[in-house]
There are 2 protein chains.
Amino acid sequence: MPGIKDVARLAGVSVSTVSYVFSGKRSISPKTAEKVRQAVEKLGYIPNASAQRLRGGHNRIIAISEPIRDEMNQTQYNAYFLETAKQAKDAGYDVLILTSEEAVIDIQRVTGSNLVEGVILLDLMHKDQRAALAHLYSKPCVAIGYPTEHQDCACIDLDFTKMGQMAARILYRLGHHTIAFLRGQEEDYQRGAGYMILFYEALLKETKALGITLIESEQVDHHNFDADRFTRSIINGPAHPTALINQSGSDVLNAVVDSMQNAGISIPDDCSVLSCGTLLEKEFLHQPISEIPFTPGKLCTGAVSILRDAIENKRDIRGVVRLFKPNLVDRGSLANVRSRNEGGTI
Amino acid sequence: MPGIKDVARLAGVSVSTVSYVFSGKRSISPKTAEKVRQAVEKLGYIPNASAQRLRGGHNRIIAISEPIRDEMNQTQYNAYFLETAKQAKDAGYDVLILTSEEAVIDIQRVTGSNLVEGVILLDLMHKDQRAALAHLYSKPCVAIGYPTEHQDCACIDLDFTKMGQMAARILYRLGHHTIAFLRGQEEDYQRGAGYMILFYEALLKETKALGITLIESEQVDHHNFDADRFTRSIINGPAHPTALINQSGSDVLNAVVDSMQNAGISIPDDCSVLSCGTLLEKEFLHQPISEIPFTPGKLCTGAVSILRDAIENKRDIRGVVRLFKPNLVDRGSLANVRSRNEGGTI
DNA sequence: TTGTACGCGTTATCAA
DNA sequence: TTGATAACGCGTACAA
């Protein structure tokens, strides 16, 4: 663990010269620069991060807050976490990961002690302490999500309210006036996952406004989901929905799709299917399903970019909200409505 | 961002007194201690991490190295990562996550700059650069895995060689002399995932020694796996294996189990099934399958404990190897062999 | 173009 | 029991 003094001694220059070779903040003669470079190489010198930071420079570390609950949607967690980590890395930042459930305390600690230069919040609840108490953090904070209280942090998310409207309108325009809704994991609503609630409320409101009859599934526990029962009682039930909106993951959706196929219900001829706020992997789908998907890449890129703006340009990002318009990915599972038992194609 | 001086001024004491109140390394009069505590509270003082570290104290940060490749077993990744993070957190350490594929450079940087006090390597290859070049790191390093070159880091893992032997012997003792083997993801062998290779080689060797005929599956691509074909050609094939050893994940295994059921093959009556080096979740299994599972909890606890020993007690852990004996979890899918078409229970 | 010296916030040593 | 001060390694204002 050689220090800058060792390098200076070996190169036969002063410590400040070595420092300036690294920072490039003043001109150095090529000869001197080369001597220093060789000494650095030879000693394997790496600047001491603590000293740099203490002196007031940037340390290029950000924290990602992702409280780990026992039951959580790990696949989804992963997509956002990995994407954020990748973006941070590409921007030259290291990532400190905070998994404690006492997230606010941890964030206070790592920002207050100057350990990190900023924070990104993942997996936000509708009412999220971490966002609501952002004024306690001494460093900028970006939430990937759209919690109710966000005066002191920036928020970036898909517009799930708009997504709810879109889902209703897309199907309405195709002539669907009776629509089944397959709820997401019940636990997720319970714990207050923000996007699920926003989508659900917007869907309720818009279907009502359009005069659509929305038939809701029972509570869904994906460990123990009876797809046949769902298909029998909802899709094949007395209300005769002509379309299905799904908010569950691909395992539950696949089971329903299989079950529909077994029941002789063809997609989209007999029933259109639209998945919303999901991230379906094509390879895992038993049938291609049209989707208004999550866009982790876009959100995480945006989040890191906002945070960098705050860190590197000292921009005040408190209260900034950036909502992306959701996009429909058409995979052919949507069609105009037609009465049942008509037979043939459109 | 108040400093120790601000606290000292407000409390009317010297900075060293404040410092000692925090460290508890010398006795402080209750009255003074209380004054300091109040000042700390009032100012929201948090010690500057960089300054502490610069002065020579511990900073209680470790790095977890987990190079993110495009194709990886995310579920498994998660189990180890989350468990390690949890253990570290419980031991009072923060975790810096290194996901770059240029892992060696990153580890050199974060150890050399004193940013972290130690490193844990996850997802090790059979021949792993990160372990082979551990002498380049200026801080202790623990691999959760058992790579070939490990002179300069500690290794902790399940004993996959023993696991291979166990699998062969368990089935041999039950009278199985013709055994099918369902390979894991081909990509994983290709990229050299250490444990899969060790297990596979040991299995080959032990079955050979015991005179067991091992019938291998074709290469497995779990995105595109034809379970019926596997069942037809292997389980129901001319060689008539009486047992199946699985190294694939639960999705592939489930497909095979279903396919066997459809083919009228009953587990374990017609065919015993043993899954090795997997982490099957009971809820996701279509039938309970006996297993010699991964033990992320045990390994990660051990890894953090070894690393702490190195950091906190300055123990030299280079070259230390700790291999756990694998354990069979019996879920009833193993039985004594009997000739086919015998009918009835044992 | 280069060197000297100060200060960042903390802790340990020494003195009171 | 408490206070003053040197030192950690680095970056930069200032001097040369």
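First the proteins, then the strands, lettered A, B, ... as listed; each starts at 1. Since we're looking at a predicted model, the values are computed, not measured. When reading the values below, keep in mind they use all heavy atoms of this one structure, side chains included, and skip hydrogens, waters and symmetry mates.
In terms of heavy atoms, Pro67(A) sits closest to Leu122(A) at CD-O, 4.4 Å.
Using bins of under 30°, 30° to 60° and over 60° for the plane-to-plane angle, the ring pair Tyr195(B)/Phe160(B) lands in the tilted bin.
A donor-acceptor contact under 3.5 Å is not formed by the side chain of Arg55(B) with the base of dA12(C). Arg9(B) contributes no side-chain N or O that forms a donor-acceptor pair with the base of dG3(D) under 3.5 Å.
The side chain of Tyr45(B) contributes an N or O atom lying less than 4.0 Å from OP1 or OP2 of dT10(C). Side-chain N/O atoms of Gln52(B) include none lying less than 4.0 angstrom from OP1 or OP2 on dG9(C). Between dT11(C) and Lys25(B), no contact under 4.0 Å exists linking OP1 or OP2 to a side-chain N or O.
Panel note: side chain Arg37(B), backbone Val21(B); no donor-acceptor pair is recorded below 3.5 Å. Looking only at distances, a side-chain donor or acceptor of Glu117(A) sits under 3.5 Å from a matching main-chain atom of Asn59(A). At least one donor-acceptor pair under 3.5 Å links the side chain of Ser113(A) to the backbone N or O of Arg109(A).
Nucleic acid contact class of Val13(B) (heavy atoms, under 4.0 Å, all strands): sugar-phosphate only. Among the atoms of the strands shown, base atoms are found under 4.0 Å from some heavy atom of Ser16(B). Across all strands, Thr17(A) comes closer than 4.0 Å only to sugar-phosphate atoms, never to a base (heavy-atom distances). Nucleic acid contact for Phe22(B): none, since no nucleic acid atom lies under 4.0 Å from a heavy atom of the residue. Residue Arg53(B) is classed as having no contact, given no heavy-atom separation below 4.0 Å to the nucleic acid. Residue contacts shown for Gly3(B) are limited to sugar-phosphate atoms, with no base heavy atom under 4.0 Å away. Backbone-only engagement by Thr32(A) is indicated by non-hydrogen atom pairs under 4.0 Å involving sugar-phosphate atoms exclusively.
Taking atom NZ of residue Lys35(B) and atom P of nucleotide dT1(D), one finds them 14 Å apart after rounding to whole Å. In this structure, the CG atom of Leu115(B) is 16 Å from the P atom of dG9(D), given to the nearest Å.
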